[in-house]
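Just so it is clear, the values below take in all heavy atoms, side chains as well, and ignore hydrogens, waters and symmetry mates. Because the structure is predicted, anything quoted here is derived from the model rather than measured. We count ligands from 1, going down the list as the structure has it; atoms in each ligand are counted the same way.
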Amino acid sequence: MISLSASDESQFLERQPGAPEPEVHASVAPPTSDDGAAIVIDDLHITYKVFMERKNTLKNAMVKRLRGQQVNYREVRALRGVTFNVQKGKCTGVIGANGAGKSTLMRAVAGILPPSQGRIEIDGKVSTLLALGVGFNSALTGRENVVLGGLAAGLTRQQVTERFDEIADFADLGDFIDMPMRTYSSGMFSRLAFSVAVHMDPDILIIDEALSAGDAKFKDRANQKMAELMGHAGTMLLVSHALGTIQELSDEVVWLHKGKLIRRGDPKEVCQAYLDFLKVGDDSIVMEDF
Ligand SMILES: Nc1ncnc2c1ncn2[C@@H]1O[C@H](COP(=O)(O)OP(=O)(O)OP(=O)(O)O)[C@@H](O)[C@H]1O
């Protein structure tokens, strides 16, 4: 059995203090051809600016700038020259320790964060748990959010109406579908986000494990649905600390560390290199699957 989420497993994936940094593996080379790629990521840099004002707000920083005063900020280089592509119909898993840049990469591919340098090219309609989860309005009911989410993803009102029952059945929320989403548990919230995301006929599906929480029964159905989507030649970018899930679903794995791409290639080999680096045993792969 595989699981979508293993956030509680990350405790097993801590590096030993003082362990050396991983070296960029020699086999990491820029993609030779972008032909047939659904996602092209070329020398991608993302730098966050963290404002260091006493009252640390964007408004304060803007007021200072308008007054011609110097604005103090610190730069966090979350991604530093990442290059790889994802071929149509393939699944690429993204792994790495806390703070490696995985979520930043997902947000950039989803179009939420603009590149500071480099380029991202997307060929197809992207559906992402990130964007949809963020788009939900917790004052509205699940039903209303499904309609809004569907329209935002480019479906017509009629298409949303036609798909509504399927989306609601998959999320399996019972009467809660007509309750405001602020009354939902985080698992219920994620189930609806997942259900909406996978029913939008995405060409490219971006899944960040943080939003794919759910109970074991739902995870089983979610895994089946993902396998089904992949069967329809869907392209997937999947972030997870659950290396079992990553190996099960991915055609290729990318290992990020402190914003750099360390290794890219065969899922088993890259996961093993990552585990060797973390110096944790194979048990961590097995444990997250239960
Ligand atoms: N909004 C932000 N503003 C400033 N720095 C940020 C912001 N979001 C992330 N960072 C920084 O960027 C780096 C990469 O963070 P990111 O969340 O992408 O890592 P991650 O691999 O997803 O980590 P995790 O496994 O803990 O979720 C970290 O140093 C983090 O502190």
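For atom 30 (C) of ligand 1, the nearest protein heavy atom is 4.0 Å or more away.
With a 4.0 Å cut-off on non-hydrogen atoms, V50 touches ligand 1 through its side chain and not its backbone. Within the 4.0 Å heavy-atom criterion, both parts of T104, backbone and side chain, lie near ligand 1.
Using a 30° and 60° split on the angle between ring planes, F136 and F189 fall in the perpendicular class, above 60°.
At the top of the distance list for atom 25 (O) of ligand 1, counting protein heavy atoms only, stands K102 NZ, 2.7 Å. Of all protein heavy atoms, the one closest to atom 14 (C) of ligand 1 is G99 O, 3.4 Å. Protein heavy atom at the shortest distance from atom 6 (C) of ligand 1 is Y48 CD1, 3.4 Å.
A donor-acceptor contact shorter than 3.5 Å links the side chain of K102 to the backbone of G96. With T83 contributing its side chain and D43 its backbone, the two residues share a donor-acceptor pair below 3.5 Å. Listed for the R191 side chain is a donor-acceptor partner under 3.5 Å among the backbone atoms of D172. Within the 3.5 Å criterion, the main-chain N or O of R163 finds no donor-acceptor partner in the side chain of E166.
Judged by the shortest distance from any of its heavy atoms, G96 lies outside the 4.0 Å radius around the atoms of ligand 1. Contact analysis puts H241 in contact with ligand 1, with a non-hydrogen atom separation below 4.0 angstrom.
The nearest non-hydrogen atom to atom 22 (O) of ligand 1, considering only A97, S103, G101, comes from S103. Looking at V94, L256, V76, L105, it is V76 that brings a heavy atom closest to atom 11 (C) of ligand 1. Atom 24 (P) of ligand 1 has its nearest heavy-atom neighbour, among T47, L79, L113, N98, in N98.
M179 and I177 fall within the same hydrophobic cluster, where Ile, Leu, Val, Met, Phe, Trp and Tyr residues are linked whenever their side-chain heavy atoms come under 4.5 Å apart, directly or through other members.
Contact atoms of ligand 1 toward A100: 19 (O), 20 (P), 21 (O) (distance under 4.0 Å to a heavy atom of the residue).
With respect to E121 and R119, a salt bridge is recorded, a charged nitrogen being found less than 4.0 Å from a carboxylate O.
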* To do: Could you walk me through whether M188 and L192 pass the side-chain contact (heavy atoms from CB on, under 4.5 Å) test, one step at a time?
  => CA-CA 6 Å; M188 290 160 76; L192 193 58; over 6 Å; no

